[in-house]
Amino acid sequence: MHIALWIVQVLLAAAFGMAGFMKATTPNAELAAMMPWVSDAPVFVPLLAGVSEIAGAVGLILPAALRFKPGLTPLAAIGLLAVMVLATLMHASRGEFESLPVPLSLAALAAFVAWGRIKRAPIAPK
């Protein structure tokens with residue numbers, strides 16, 4: 001279980017890190033061409049989403065890897081789960097049902113990490 005959780009943590013961190021970096025560094029006009037929701041959102045929302053995703057990606061790896069405050073890792077997973085629930089609701093409200101599998105899958109993986117690191121295979125601090 002410990003190995004499976006680490007694999008999922010690394011994959012989620014990579015996915016959220018890349019997506020977050022793109023949202024945090026790409027101008028909104030360019031983002032809107034790739035993601036139609038950006039043109040309808042307030043200007044700060046893509047940046048906020050990007051920074052949240054980057055913070056979550058870091059939180060999935062560093063506390064557990066360094067074993068310094070490893071309880072932050074499941075909290076990061078819960079935070080990313082919340083981001084994906086909000087993304088799912090936003091896509092559903094816009095009628096973009098074809099977009100729902102990605103945030104739902106990422107939400108399920110984040111929930112798995114949160115559950116696993118709280119109940120099944122917590123990481124002990126140093």
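When reading the values below, keep in mind they use all heavy atoms of this one structure, side chains included, and skip hydrogens, waters and symmetry mates.
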Check: Would Met35 and Met22 satisfy side-chain contact (heavy atoms from CB on, under 4.5 Å), going step by step from the backbone distance to the final call?
Finding: CA-CA 11 Å; Met35 297 178 268; Met22 181 184 66; 3.6 Å; yes

Check: Should Val43 and Leu31 be counted in the same cluster of Ile, Leu, Val, Met, Phe, Trp and Tyr side chains packed under 4.5 Å apart?
Finding: no

Item checked: Under the side chain to side chain contact (heavy atoms under 4.5 Å, CB included) test, residues paired with Ala33 that sit two or more places apart -> none

Next item on the list: List the atom of Ala24, the atom of Ile54, and the distance in Å for their closest heavy-atom pair.
Entry: CB-CD1, 4.2 Å

Return a table of donor-acceptor pairs under 3.5 angstrom between the side chains of residues 60-85 and protein atoms on other chains or two or more places apart.
residue	atom	partner	partner atom	Å
Arg67	NE	Ala124	O	3.1
Thr73	OG1	Gly59	O	3.2
Thr73	OG1	Ala64	N	3.3

Next item on the list: Give the cluster check for Ile3 versus Val10: same hydrophobic cluster or not, with ILVMFWY residues linked at side-chain heavy-atom distances below 4.5 Å.
Entry: no

Checklist line | Straight-line distance of Ser52 OG to Phe16 CZ, nearest 0.5 Å | finding: 10.5 Å

Next item on the list: Anything under 30° is parallel, anything over 60° is perpendicular, the rest tilted; go ahead and classify Trp6 against His2.
Entry: perpendicular

Check: Do you know the tightest heavy-atom contact between Met1 and Phe112?
Finding: SD-CZ, 3.8 Å

Notebook entry, point to check: Can you name the closest pair of heavy atoms from Pro101 and Ser105 and give their distance?
Noted result: O-OG, 2.7 Å

Margin query: Under 4.5 Å between side-chain heavy atoms, counting indirect links through other Ile/Leu/Val/Met/Phe/Trp/Tyr residues: same cluster for Val102 and Leu109 or not?
Written below: yes

Note to self: Just verifying a value: how many Å separate Asn28 CG and Lys23 NZ, rounded to the nearest 0.5 Å?
What the structure shows: 12.0 Å

Notebook entry, point to check: Can you tell me how far CG of Asp40 sits from CE of Met90, rounded to the nearest 0.5 angstrom?
Noted result: 9.5 Å

Check: Any link between Leu47 and Val38 through a network of hydrophobic side chains (Ile, Leu, Val, Met, Phe, Trp, Tyr) touching at under 4.5 Å?
Finding: no

Notebook entry, point to check: Which distance, rounded to the nearest 0.5 Å, do you find between the CG of Leu5 and the CH2 of Trp115?
Noted result: 7.5 Å

Note to self: Do Val113 and Ile7 land in one hydrophobic cluster if side-chain heavy atoms of ILVMFWY residues count as linked below 4.5 Å?
What the structure shows: no

Item checked: Rounded distance (nearest 0.5 Å) linking atom NE2 of His91 with atom CG of Leu86 -> 11.0 Å

Item checked: Pairs meeting criterion salt bridge (Lys or Arg N to Asp or Glu O under 4.0 Å) with involvement of residues 97-125, two or more places apart -> none

Item checked: Atom of Ala57, atom of Ala13 and distance for their closest heavy-atom approach -> CB-O, 3.4 Å

Check: Within a reach of under 6.0 Å around CZ of Phe21, are more than 12 heavy atoms found that belong to other residues, nucleotides or ligands?
Finding: no

